[in-house]
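Structure first, then comments.
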Amino acid sequence: MARPGGRSARVQEAVHAAVRDLSAEVGRDALTVPMVAARAGVTPSTVYRRWGDLQALLSDVAVEHLRPDAPPQDSGDLASDLEAWAEQFLDEMASPSGRTYIRDALLGDPDGNNAGQCSAYAAEQVAVILARAADRGEKGPDVETVLDRVVAPMMYRILFRPGSYDAAYARELARGVLSEPAPDAARPGRRTTRRARTD
């Protein structure tokens, strides 16, 4: 997702900063578009024209916050890198602010675009880890397998089973995806062929 440039970028930065600051000062539930606009130094119509409503604005802020601000660590070993990344991902997403941002990203996302973008962030980070490993001659799973076996279980627990995980759980998932073969079941976008029944 390309970031806007020029005045558009300045408006986005000011409005996003206003949302973050006001959320800390008065609480997220007390936010209004006029309040955010006044803090950002723009008119409410500017906010409505660009974001439509408060929930869409909160969703946009959430997606931007969930964007990684640095590449994953490079320790020179695939297992160590993937475990460290999984642990950090779980810690950030499961934090109170992380849960709020996830909720906002999904609530203001009727078309699924924000969810797809957040998924792409994770996929990009995993791809970096796997590409480094491949350059070192290490064999590893593909990106989709890591998303299925590491990211998806963590997100399920974050969203539906809060409190039923810890750092050891993240490391266990990372170790598991490196030690077990990928499942035979097809993932979305992959074709399978069925044998015709002869009976």
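In the displayed structure, Glu13 atom CD is contacted under 6.0 Å by at most 12 heavy atoms of other residues, nucleotides or ligands.
For Gln88, the side chain to side chain donor-acceptor pair (under 3.5 Å) partners at least two apart in sequence or on another chain are Glu92.
In this pair, Tyr101 and His65 present their aromatic rings parallel. The plane angle is below 30°, not in the 30 to 60° band.
A 4.5 Å side-chain heavy-atom check between Leu173 and Arg149 finds every atom pair outside the cut-off. Between Asp104 and Arg28 the shortest side-chain heavy-atom distance falls below 4.5 Å. Contact check for Val33 versus Leu57: no side-chain heavy atoms found under the 4.5 Å cut-off. Contact check for Thr43 versus Tyr48: no side-chain heavy atoms found under the 4.5 Å cut-off. Between Leu54 and Thr32, every side-chain heavy-atom pair lies at or beyond the 4.5 Å cut-off. In this structure the side chain of Trp51 never reaches within 4.5 angstrom of the side chain of Ser59, judged on heavy atoms. Contact of the Met155 side chain with the Phe89 side chain is registered, since non-hydrogen atoms from C-beta on lie closer than 4.5 Å. You'll find the side chain of Pro141 reaches within 4.5 Å of the side chain of Leu178, heavy atoms only.
Each of Phe160 and Leu107 belongs to its own hydrophobic cluster when Ile, Leu, Val, Met, Phe, Trp and Tyr are linked at side-chain heavy-atom distances under 4.5 angstrom. With hydrophobic clusters built from ILVMFWY side chains whose heavy atoms lie under 4.5 angstrom apart, Ile158 shares a cluster with Tyr156. Residues Val151 and Leu159 share a single hydrophobic cluster, defined by chaining ILVMFWY side chains whose heavy atoms lie under 4.5 Å apart. Cluster annotation: Val177 is not connected to Val128 through the hydrophobic network of ILVMFWY side chains, with a link wherever side-chain heavy atoms come within less than 4.5 Å.
The closest donor-acceptor contact from the side chain of Arg50 to the backbone of Ser8 lies under 3.5 Å. Of the possible polar contacts, none joining the Arg171 side chain to the Ala84 backbone as a donor-acceptor pair under 3.5 Å is found. One N or O on the side chain of Glu138 and one on the backbone of Leu78 form a donor-acceptor pair closer than 3.5 Å. Listed for the Arg157 side chain is no donor-acceptor partner under 3.5 Å among the backbone atoms of Tyr165. A donor-acceptor pair is defined here as one N or O able to donate and one able to accept, closer than 3.5 Å; such a pair exists between the side chain of Arg136 and the backbone of Gly76. Judged purely by atom type and a 3.5 angstrom limit, Asp111 has no side-chain atom pairing as donor or acceptor with the backbone of Asn113. A donor-acceptor distance shorter than 3.5 angstrom exists from the side chain of Ser179 to the backbone of Gly176, with no hydrogens or angles considered.
Nearest approach of Pro71 to Arg132, heavy atoms of both residues: CB-NH2, 3.9 Å. Nearest approach of Ala105 to Ala62, heavy atoms of both residues: N-CB, 3.7 Å. Scanning both residues, Pro68 and Gln125, for their nearest heavy atoms gives CB-NE2, 3.5 Å.
To the nearest 0.5 Å, atoms CG (Leu90) and OG (Ser95) are separated by 10.0 Å. Going from atom CZ of Arg103 over to atom CZ of Arg99 covers 11.0 Å, rounded to the nearest 0.5 Å. Atom CG of Leu66 is separated from atom OG of Ser119 by 12.0 Å, given to the nearest 0.5 angstrom.
Under the 4.0 Å criterion applied to side-chain N and carboxylate O atoms, Glu25 and Arg39 are assigned as salt-bridge partners.
Val143 pairs in a side chain to side chain contact (heavy atoms under 4.5 Å, CB included) with only one of the listed residues (Ile129, Leu130, Asp148), which is Leu130.
Checking Gln73 against Trp85 by side-chain atom types alone, no donor-acceptor pair falls below 3.5 Å.
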